[in-house]
There are 2 protein chains.
Amino acid sequence: MNPEAKVPAFPEAAAVAESGPAHSVDRIMAVAYELFSTRGVRDVGVNELIERSGVAKATFYRHFPSKDSLVFAFLEQRDKQWTMNGILSEARRRGSTPQEQLLAIFDVFGEWFLREDFEACSFVRVMLEMGPAHPLGQASIDYLAKIRGHVQAVAEEAGLVRPEEFARSLLILMKGSVIQAVEGDMLAAERARQMAVWLIGHHSG
Amino acid sequence: MNPEAKVPAFPEAAAVAESGPAHSVDRIMAVAYELFSTRGVRDVGVNELIERSGVAKATFYRHFPSKDSLVFAFLEQRDKQWTMNGILSEARRRGSTPQEQLLAIFDVFGEWFLREDFEACSFVRVMLEMGPAHPLGQASIDYLAKIRGHVQAVAEEAGLVRPEEFARSLLILMKGSVIQAVEGDMLAAERARQMAVWLIGHHSG
DNA sequence: ACAGGTGGGAAGACCGGTCTGTCTTCCCCC
DNA sequence: GGGGGAAGACAGACCGGTCTTCCCACCTGT
């Protein structure tokens, strides 16, 4: 048998998913990440997930006991990949001082808002889709609080007074600018950044 | 025949709905307003709507050709009842100057956040639930733009410079504080109000 | 004043489709 | 030969939406 005939449905299915990862769970996660982050979690069904990742339904449910457990895994990956390795580390890289790092968050946001596939913050979206009482809503709230913790840490490095209050105010600006960007205001990040400048000024001793 | 025996299912159905409005369409709207505003539009089905409003399915579809048309009607009522007669008119009533009226928005927000049934801004919620491309998402964006128009009008009364930019920035604060309040930050309105003070200051001449 | 027609509404069966989740069948590869 | 995975049928619930059946209140004609 020639090698081309050996592989019936698996390779092109992998190509559909991500043209890469060999293991089923990786392909499922890659597809879930793309669909959930761009279209939300309620709009994406299990059937579509398994079809797009080229995986059998039984395989899906062997790795994830329920759709919700996949959403939990997605939120965790979103936190690692997008929050940590995406926004926060990039903001820290750009600013030479803690103050500049805080403001750089909105520079990164501004570029993020221009992306084709920009579709709002997944944590805010899941929280509103499922409600704050639902376990998935609670998890989203926890990840948002984690972001606030990091902002607060940078604020402490900057020597700002009342760092927790500062972080809560800055997250209002972050969330508000994201929502406004969904509406189509492409300059939302600039506006929020300007208000962040004033906010930092009033927390500097 | 005694009067009690005359009325078989209609009155208690009205009591279930709102204990008031006689006409079917009013009861449907009352139930839809409560359920949609507290739980979102995707989570509430037609069957639940007709059951809670004590109305037949055929009656529902005689008044509303589809569920989406009811959601459109809900958004319009939300704009009239909540935005106009609720937040904006109350804010205008409280402040004696345009500047105070702008800041009073956040005082009204602060009290709104404390309500039992507070469950986020319906326009933002529908926009994220349906996506900004969906007709219902578009309608939500239009209503948010209408709110911005009113804020801009008050800003012009106040003689603020660049009133449109001001209004867009203030709406970032409004939306951000609402999202943060959903997470449980009960002081989100105060924080946003403080930032609004700085924002007004920088737009005053 | 009363009989009969009429129309709106309640109740709910029903339709096709979709959802999550289970289970069977087959096949390929070790 | 045995196990994992692909394919997909299937179950049970629910979705939005249509349609039938029955009943009751009101209007009309005599």
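Note that these values count all heavy atoms, side chains included, but never hydrogens, waters or copies made by symmetry. The structure displayed is predicted, hence computed values, not measured ones. Quick note on labels: first sequence line is chain A, next is B, and so on, each numbered from 1.
Look at Arg62(B) and you won't find any side-chain N or O under 4.0 angstrom from OP1 or OP2 of dG8(C). A sub-4.0 Å separation between OP1 or OP2 of dC15(D) and a side-chain N or O of Asn47(B) is present. Contact annotation: Arg27(B) reaches the phosphate of dA10(C) (side-chain N/O to OP1 or OP2, under 4.0 Å).
Distance Glu51(B) CD to dG16(D) P: 13 Å, rounded to the nearest Å. Residue Lys67(B) contributes atom NZ, which lies 12 Å from atom C1' of dC14(D) at whole-angstrom precision. Put simply, OH on Tyr61(A) is 16 Å from P on dA6(D), counting in whole angstrom units. In this structure, Phe60(B) places its CZ atom 13 Å from P of dC15(D), rounding to the nearest Å.
Ser169(A) and Arg191(B) form no side-chain donor-acceptor contact under 3.5 Å, judged by distance and modelled atom types alone.
Using cut-offs of 30° and 60° for the angle between ring planes, the Phe123(A) and Trp82(A) rings count as perpendicular.
Nearer to the 5' terminus of DNA chain C, by closest-nucleotide assignment, is the contact made by Thr59(B) (compared with the other of Ile50(B) and Thr59(B)). Each of Ala58(B) and Val44(B) was matched to the nucleotide of DNA chain D holding its nearest heavy atom; the match closer to the 5' end belongs to Val44(B).
Taking only distance into account, the side chain of Lys57(A) never meets the base of dG8(D) through a donor-acceptor pair shorter than 3.5 Å.
Contact annotation: the side chain of Arg168(B) approaches that of Glu164(B) to within less than 4.5 Å [non-hydrogen atoms, C-beta and beyond].
Geometrically, Arg115(A) does not engage Trp112(A) in a cation-pi contact defined by less than 6.0 Å to the ring centre and at most 45° from the axis.
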